[in-house]
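See structure below.
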Amino acid sequence: MDDHKFDDIIKGKVGDYEAPGFDPAALSALHHQMATLTIWPWYSRYRTELFVSSGLFLSTLIILWSQWSFSSRETQAFEKNDLLLKTQQEQIAKLQLEVDNLKSLTPDTMRIIEIKEQTSPLNSHYLQRIKTLEYTIQKMKEANLTSVTVEDQAPRASMDSSMSPGWMSATDADFQAAPFTTRLVPREKSNESIHAQPEIGTIPDGVSSHQLSVKTMRNLEKHYRNGIGIRLGPALEISKGFYDVGSGKFDVLFGVLGDFILSPSLSVETGAKYTRRIYEISDKEALLDMSLPNVNPTLGPLVNADIDSWILEVPINLKYRYPLSMKAHLLAGIGYSSLMYMKQVFEYSYELDSDPSAQINTTYKTEKFALNPGMVNISLGLSKELKNKKIVETSLYYQHGLGALGTEKVKANFLGIRSTYWFTIK
Amino acid sequence: MRAVTDLLYAVDIEEKDLYKLLDSCRKGDRNSQDRLYRDFYAYSMGICLRYSRTREEAIEILNDGYVKIFFKLDLYSPGLSFKGWLRKVMINSAIDYYRRNEKHYHSLDISHGQYESSTETILDHLSEQEIVAAIQLLPPSYRMVFNLYVIEGYKHEEIANQLNISVGTTKSNLSIARNKLKKILISEQGERLKQEKNG
C-alpha cells in the first residue's frame, strides 16, 4: 500500500475522531487554570496615561482656581484699600483746609470765641468787658483819638505802643473776682483744631508703630545668625526614571519637608516623600536575564513586564544658599535619600499563539516592606520670598542610585524638578 | 422536502443556541463556559489525544486550548464554522505544547523498516480508538509531523515553519512516522489476533 493511500485511510478513520466519555477532572483542572489568570480590560494598558493626564488636568484646575481666587481676593482687597485711601485723602484735604483757615485766625479770636461760647459768670463779665472795649474803640475811632486801624478783615483789636499789654485784661476787681484767672494771654498756636482730631488708624502716621528699633533688629539678626531657624512645607516633585533595563515614565512625588537653617547660608533639609514609580520592560532578552518574581513560562514567552512600585523616600540634604537679592537665593544641595518599598505590582504579558496581538496578562503583587540602598541627591535651584512672607523654592535635582532597587533588583537614576512652599515656623 | 426543511430549521436553531452560548462565554459566564467545554469535549479531546502520548498530556493541551478560546473568543467570526476555529486553536495549542516540551523529548527511535504487507486489511479491522492509541505511541516529533501533514493537511513548508525545523527534517520525520505507525499497527493486530485465538 502506498503512502498516499495509507494517509487517506488514517485521515478517514481518525480525522473526525471524538473521544468517548467526559472527564470531570479535566474541567476542574480548567477551572483551576482559569482562576490563576486574570483578564484585563482594554483601558488597562492606558491606565498610567489616564492617571497622569487626570492628575495634570486636576492640577491645572487647582492652579487656575487658586490663581483666580487669589487674584479675585487681591482685587477686592485693593479696591477696599483704594476706597479707604480716597476717603482718607478727602478727610485730610478737608482737615488741611480747616487748618489753613484756622492758621489765618489769631489765637486771641479763637479764645474769645471759645469764651463767648461759655456761659460762666466770668465769661459774662468778659463779654461785658469786651463790649465796653469795643464801644471805647468805636468812640476813639469816631473821635480820631486813637490810632486803632482795621488792618485786616479779622475781628481783632490792636493798640499803640503806649498801651500796656493789659489793655484787654480785667480790672483789679476782676482779678479779685477770679483770682486764678490771669490776663488773656495769647495761647500757643495749635496746628489742629478740636475738629481736626484724627481718627485712630484712619490717617497714616508718618512713623510706623511696627518699625523696630535698631537694637531689636540687631538682636533679631543675632538670633537668626546663631540659632536654628525652622521651615516646614509641602513638596511636589515630577521626575523621570532612567533604568538599566526598561523605560521609566514621569512620576509624581509629594510629601512634607522641613528645612533647619543652621546659618544664613547653610541649612539641612529632611522629611518624607511618597511616590508611585512606574516603568516597563519590553526587551525579551532583558526579561529572560532578569530575576522577576512569579513568572510563569508555561503560559508562553514573556514579552512585557510593567512594574509599579510604591516608595517612601526619606531624604537628608545639606543646602547652601547664595543671596541674589534680599528675597531671592540661589540654592545648591547634596545629600542622601533612603528608599523604602511599601508595595510592588508586577504585570506580565505573555505572547499567545506566537501572535503579538494576542496576549495573556498575569499580575503578581508583593507588599513586603523593604529597605533599599538609597540614592545620592544633587540639586540646584532658586528660592523666592513672596509678599506673604512664604518662600517658594524650585530646584532641578538628580538622584543617583547606590545599588539595585526593588524585588527585581534594577539600577535606576532619576532626574526631576521639585517645588516646595515653605512656612517659617521659627 | 419537508424533512430537509425541518433539518435546516434544526441546524438554524442549533446555530442560534451556539451563538448565544458563545456570547455568554464572551461575557465571562462560567456556566456557559462549562457548557461549551462539555459540548465540545469529545471533539476537541479527539484532536488532543492524537498529539499527545498520554491522556494527561491531552487534557493539558485541551485546557490550554480552552483558555485561549475563552480569552480570545472575540477573534472568532460568527459566520464561520466554530468547530473549524476550535480545531485550529487545539492544533496550535498542541504545537505550543510541543515547543515548550521539545527540550525534554529525548527518545528518538530511528529504527524503521518497510512494511509493505497488508496494512490496508489491518486498518480495516482496527477501530479509531486503536489507531489513535497507535499514533500516541509515536515519538513526539514524528507524531507531530504525521498529524499535521496526514490529518490536518499542512504542507511541509508550513510544518517546518511552525516547528522551527527544516523541510528536509519534516519529510524525513513523516516517512519514519509512517513506517513506525505501520509497524505498530501490524504488531497491534497480531496481538489482537492472538488474544482472539486464546479467547
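The structure presented is a predicted model; accordingly, all values stated were derived computationally and were not measured.
- Heavy-atom pairs under 4.5 Å with chain A were tallied for B:Arg38, B:Arg30, B:Met45; the largest tally goes to B:Arg38.
- In this structure, the portion of B:Leu49 lying under 4.5 Å from any heavy atom of chain A is its side chain and not its backbone.
- Of the listed residues B:Ala42, B:Gly28, B:Gly46, the one with more heavy-atom pairs under 4.5 angstrom with chain A than any other is B:Ala42.
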Practice task
Apply salt bridge (Lys or Arg N to Asp or Glu O under 4.0 Å) to the pair B:Arg178 and A:Asp7, showing each step before the final yes or no.
Solution key: CA-CA 8 Å; B:Arg178 266 201 206 105; A:Asp7 292 351; 2.6 Å; yes

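- Contacts of residues 15-27 of chain A with chain B at a heavy-atom distance below 4.5 Å involve A:Gly15, A:Asp16, A:Tyr17, A:Glu18, A:Ala19, A:Pro20, A:Gly21, A:Phe22, A:Asp23, A:Ala26, A:Leu27, listed in sequence order.
- Cation-pi geometry between A:Arg277 and A:Tyr243 is not met at under 6.0 angstrom from the ring centre and within 45 degrees of the axis.
- Residue B:Leu174 does not touch chain A at all, counting heavy-atom pairs closer than 4.5 Å.
- Counted by atom type alone, B:Ser44 and B:Tyr66 present one or more donor-acceptor pairs between their side chains at under 3.5 Å.
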Exercise for the section: Go through A:Asn304 and A:Glu280 one step at a time and tell me if the side-chain hydrogen bond (donor to acceptor under 3.5 Å, both in side chains) criterion holds. Expected result: CA-CA 7 Å; A:Asn304 186 274; A:Glu280 189 181 27; 3.1 Å; yes

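- Side chains of A:His31 and B:Asp34: a donor on one and an acceptor on the other come within 3.5 Å.
- Defined by atom type and a distance below 3.5 Å, a donor-acceptor pair is present between the side-chain atoms of A:Glu408 and A:Tyr279.
- Between B:Tyr149 and B:His156, the ring planes are parallel. Angles under 30° get that label, and only those over 60° would be called perpendicular.
- B:Asn147 does not touch chain A: none of its heavy atoms, backbone or side chain, sits under 4.5 Å away.
- Of the charged side-chain nitrogens involved, at least one lies within less than 4.0 Å of a carboxylate oxygen, so that B:Asp96 and B:Arg99 count as a salt-bridged pair.
- Looking at B:Tyr43, the atoms closer than 4.5 Å to chain A (heavy atoms on both sides) sit in the backbone and in the side chain alike.
- Remark: the A:Asp251 side chain and the A:Ser239 side chain contain no N/O donor-acceptor pair separated by less than 3.5 Å.
- In this structure, chain A has no heavy atom under 4.5 Å from any part of B:Glu56.
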